[in-house]
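Read the structure below first, then the notes.
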Amino acid sequence: MPPTTPDPHPRRAIWLMLASVALFSLMDAGLKTLAAHYPPFQVAALRGLSSLPLVLAWALATAGPRALLRVRWPLHLLRGALGIAMMASFVYALKTLPLSTAYSIFFVAPLLITALSVPFLGERVGPRRWTAIGIGLLGVLVVLRPTGQGMLTLAGGAVLLAAFGYAVSAITVRVLARTDSTQAITFWLLALMALGAGALAAPGWVPLGGEHLWIVAAIGVAGALGQYAITEAFRVGEASLVAPLEYTALVWGVGLDLLVWGVLPDAVTWAGAGIIIASGLYLLRRERVHVEAEHP
């Protein structure tokens, strides 16, 4: 989302974005830990429930209850369904994939957002950006290894499904942001994800072990603070400045994989991730050129 006011100190936006990526990475590490013990829909429900009290308090304090109720319900319901599918798919993948590999595949999401903006938002994407999207998708194939173990695994496909759900959800945010507050958009995603995923998980709900309660609490705090930080980063900083910093998640993924699970990505994964990230950075550059051309 483009900033509403220019920030004379861009370092603030940079630090906020870096903090949000770190917090979301720690949250994902918690989700990966829970994924080894609980079904994906239950973990998705816990993700929503754990952050909901903090997000609700923030929303009420900054926007008030009216902003949460006067919303475009059909789009929120659609985004809630997408959030459930996205989170459950990502959690399912984390059960077997290292964080760094999951992130490398998930980085295709910005490319998908650009591609989907054509049919859904009527935006124009030139041949250079289509080429970047195609190259980025080839990078995904490199990570997934179409001739080996990666391409046909359910985990790799689950991350792609999560990335697609995230991209469609981001498109709906662009539409919702015209009428609904950021607080409402954030709150209802978590609330609907908690309710929907909880209902789907109820028949096979596994009682929470006491040793996992602190992980659930940490996921809630990290998720809520991360959401606040990324919202502020895009509010006060230029999107072209802060968006590329999302790719620092790969550094966190590698570090957490090594520290917690003792694994490292191989050379093929690094190569595929590099292709995807380079394509994403090029798209961001072309987007900035496009915006500057339209608004000199």
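Heads up: numbering here begins at 1 and tracks the sequence.
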So which atom in Ala109 and which in Ala167 form the shortest heavy-atom distance, rounded to 0.1 Å? O-CB, 4.0 Å
Sequence neighbours excluded - ring-ring contact (aromatic ring centres under 6.0 Å, His included) pairs with any residue from residues 243-266: Phe107-Tyr247
Considering all heavy atoms of both residues, which atom of Gly196 and which atom of Ile84 are nearest to each other, and what is their separation? CA-CD1, 3.5 Å
When you look at Ser279 and Ile133, which way does the side-chain contact (heavy atoms from CB on, under 4.5 Å) test go after all the steps? CA-CA 7 Å; Ser279 300; Ile133 292 169; over 6 Å; no
Testing Val21, Asp28, Leu23 for side-chain contact (heavy atoms from CB on, under 4.5 Å) with Ser25, which one passes? Val21
Between Ser51 and Gln227, a side-chain donor and acceptor under 3.5 Å: no
Exactly one of Leu144, Val143, Val142 clears side-chain contact (heavy atoms from CB on, under 4.5 Å) with Val268, and that residue is Val142
Pairs where residues 55-80 contributes a residue and the test salt bridge (Lys or Arg N to Asp or Glu O under 4.0 Å) is met, not counting sequence neighbours: none
Taking every non-hydrogen atom, the tightest pair across Ile171 and Ile113: CD1-O, 3.7 Å
Leu94 and Lys32: which non-hydrogen atoms are nearest, and at how many Å? O-NZ, 2.6 Å
Check Ala243 against Leu284 and note the closest heavy-atom contact, atom names and distance. CB-CD2, 3.9 Å
Kindly write out the residues that satisfy salt bridge (Lys or Arg N to Asp or Glu O under 4.0 Å) with Arg128, not counting sequence neighbours, or none if the list is empty. none
Heavy-atom pair of closest approach, residues Ala163 and Val108: CB-CG1, 3.8 Å
